[in-house]
Amino acid sequence: MDARDPLPRAFYRRDALRLARALLGKVLVHRTPDGLAAARLVEVEAYRGPRDRAAHSAGGRRTPRNEVMWGPPGHLYVYFVYGMHWCANVVAADAGVPEAVLLRAAEPLEGLDLMRARRGRRGPDAELLRGPANLCRALGIGRAHNGADLTAGSLFLADAPAPPRHRQRRSARIGVDYAGADARRPWRLYLAGSPAVSGPPALRG
DNA sequence: AGGAAGATCCGCT
DNA sequence: GCGGATCTTCCTG
C-alpha cells in the first residue's frame with residue numbers, strides 16, 4: 001500500500017484501545033483548496049463505549065451530537081466544546097458499538113505554512129498540533145467534517161511505520177475527572193519525548 | 001424554559 | 001496555578 005493511500009475500513013474495525021495503539025505514528029492528511037496538510041499522530045485516547053463513564057456514549061446515551069459514534073468504523077466524530085473548540089475522534093468497532101479514539105496531538109509533516117496560518121503563527125512548529133483543539137485547528141477540521149469517511153475523500157489516514165515500542169507510553173486520560181474510577185484508567189497512549197505531546201511534563205516523557 | 005457543565009486553550013500572576 | 005472566553009448540548013422541572 002502506498003503511504004499516500006487511505007487505510008482501509010478493516011483497519012478501524014476493532015475495539016477502541018487496540019485501534020488507539022494502532023493509530024500512533026499514522027499520518028492524518030487533509031487536502032483543501034488552500035493546500036495539503038499532514039501530521040503524524042503522537043497522542044490519542046480510547047473511549048470505550050457505554051460502560052466507559054468518560055465517553056460521550058456513556059450509559060448508552062445516543063444523541064444527535066454523538067450519533068456518529070454508533071455508525072460504522074473509520075468515520076470522524078467531531079464535536080464542539082467550551083464554546084470555541086473542535087475536537088476529532090476516529091470511530092472504532094462495528095456499527096452499533098459506540099467506541100472512538102480522540103486525536104490529541106500530532107507532529108507536523110507537510111503544509112507547515114498553511115498550518116501556521118490557521119493557528120495564527122503562535123509558538124514553535126512542533127506545537128502546532130499540540131492538544132486536541134489545536135490539532136483540529138491546524139488541519140482545518142470543524143463541523144463540516146463530522147461523519148467524514150476516512151477511507152475515501154480529502155481527509156484520511158495514511159499508513160506509516162509503527163513507532164518503536166520503547167517509546168510508547170500509557171497514562172490516565174486528560175480532562176475527564178468527572179468520570180469516577182474510569183478517569184484513572186490508562187487509556188491515553190502517547191510517544192515519549194515528542195515535543196508535540198500535550199499535557200503536563202509528567203505526562204509527556 | 002432554564003441552567004449547568006464541558007474529552008480546551010491562552011495569558012497573566 | 002488560575003480564570004476568562006464563549007456557546008452547544010443535554011438534563012431537569
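Every chain is numbered from 1 and lettered A, B, ... according to where its sequence line falls, protein lines coming before strand lines.
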Exercise. To the side chain of A/M84, which of B/dC9, B/dA7, C/dA5 is closest?
Worked result: C/dA5
Can you give me the N/O atom pairs linking the protein to nucleotides 10-13 of chain B at distances under 3.5 Å, or say none if there are none?
residue, atom, partner, partner atom, Å
B/dC10, OP1, A/R119, NH1, 3.2

Exercise. Is the shortest side-chain N/O distance from A/Y79 to OP1 or OP2 of B/dG6 below 4.0 Å?
Worked result: no
Seminar exercise, completed: Ordered by number, residues from residues 90-105 of chain A within less than 4.0 Å of DNA chain B (heavy atoms) are A/L102, A/R104
For this session: State whether the aromatic ring of A/Y47 stacks on the base of B/dA7, taking stacking to mean ring centres under 5.5 Å apart and ring planes under 30° to each other.
Result: yes
Problem set entry | Pairwise P distance, C/dG3 and B/dA5 [rounded to whole Å] | 16 Å
For this session: Please collect all salt bridge (charged side-chain N to carboxylate O under 4.0 Å, His left out) contacts where either partner lies in residues 67-85 of chain A, sequence neighbours excluded, each pair once.
Result: A/R62-A/E67
Exercise. Whole-Å distance between B/dT8 P and A/E45 CD?
Worked result: 8 Å
Exercise. In Å and rounded to the nearest 0.5 Å, what is the CZ to CZ distance from A/R130 to A/R119?
Worked result: 10.5 Å
Exercise. Within 45° of the six-membered ring axis of A/W86 and under 6.0 Å from that ring's centre, is NZ or CZ of A/R137 located there?
Worked result: no
Exercise. Residues from residues 181-205 of chain A sitting under 4.0 Å of DNA chain B, heavy atoms only?
Worked result: none
Seminar exercise, completed: Dot-bracket assigned to DNA chain C with the 3.5 Å Watson-Crick/G-U criterion, [ ] for crossing and | for other-strand pairs, is |||||.||||||.
Exercise. Do A/Y82 and B/dA5 have a side chain to base donor-acceptor pair shorter than 3.5 Å?
Worked result: no
For this session: Using a strict cut-off of less than 4.0 Å between a Lys/Arg side-chain nitrogen and an Asp/Glu carboxylate oxygen, indicate whether A/R173 and A/E45 qualify as a salt bridge.
Result: no
Problem set entry | Distance in Å, A/I141 CD1 paired with A/T32 OG1, rounded so as to fall on 0.5 Å steps | 11.0 Å
Exercise. So, do A/H56 and A/Y79 have ring centers that fall under 6.0 Å from each other?
Worked result: yes
Problem set entry | Electrostatic pair A/R51:A/D182 at N-O distance under 4.0 angstrom | no
Exercise. Within 45° of the axis and under 6.0 Å from the centre of the six-membered ring of A/Y12, does NZ or CZ of A/R14 qualify?
Worked result: no
For this session: Send over the distance from A/W86 CH2 to B/dG6 P, rounded to a whole Å.
Result: 19 Å
Exercise. Under 3.5 Å, side chain of A/H75 to main-chain N/O of A/G147, donor-acceptor pair present?
Worked result: yes
Under 3.5 Å between N/O atoms: give me all the protein pairs with nucleotides 8-10 of chain C, atom names plus distance.
residue, atom, partner, partner atom, Å
C/dC10, OP1, A/T63, OG1, 2.0

For this session: Have a look at A/A133 and say if it touches a base, only the backbone sugar-phosphate, or nothing, with a 4.0 Å heavy-atom cut-off.
Result: sugar-phosphate
For this session: Drop me the distance from A/L102's CG to A/I174's CD1, to the nearest 0.5 angstrom.
Result: 9.5 Å
Exercise. Just how far is it from atom CD of A/E43 to atom CG of A/L189, taken to the nearest 0.5 Å?
Worked result: 9.5 Å
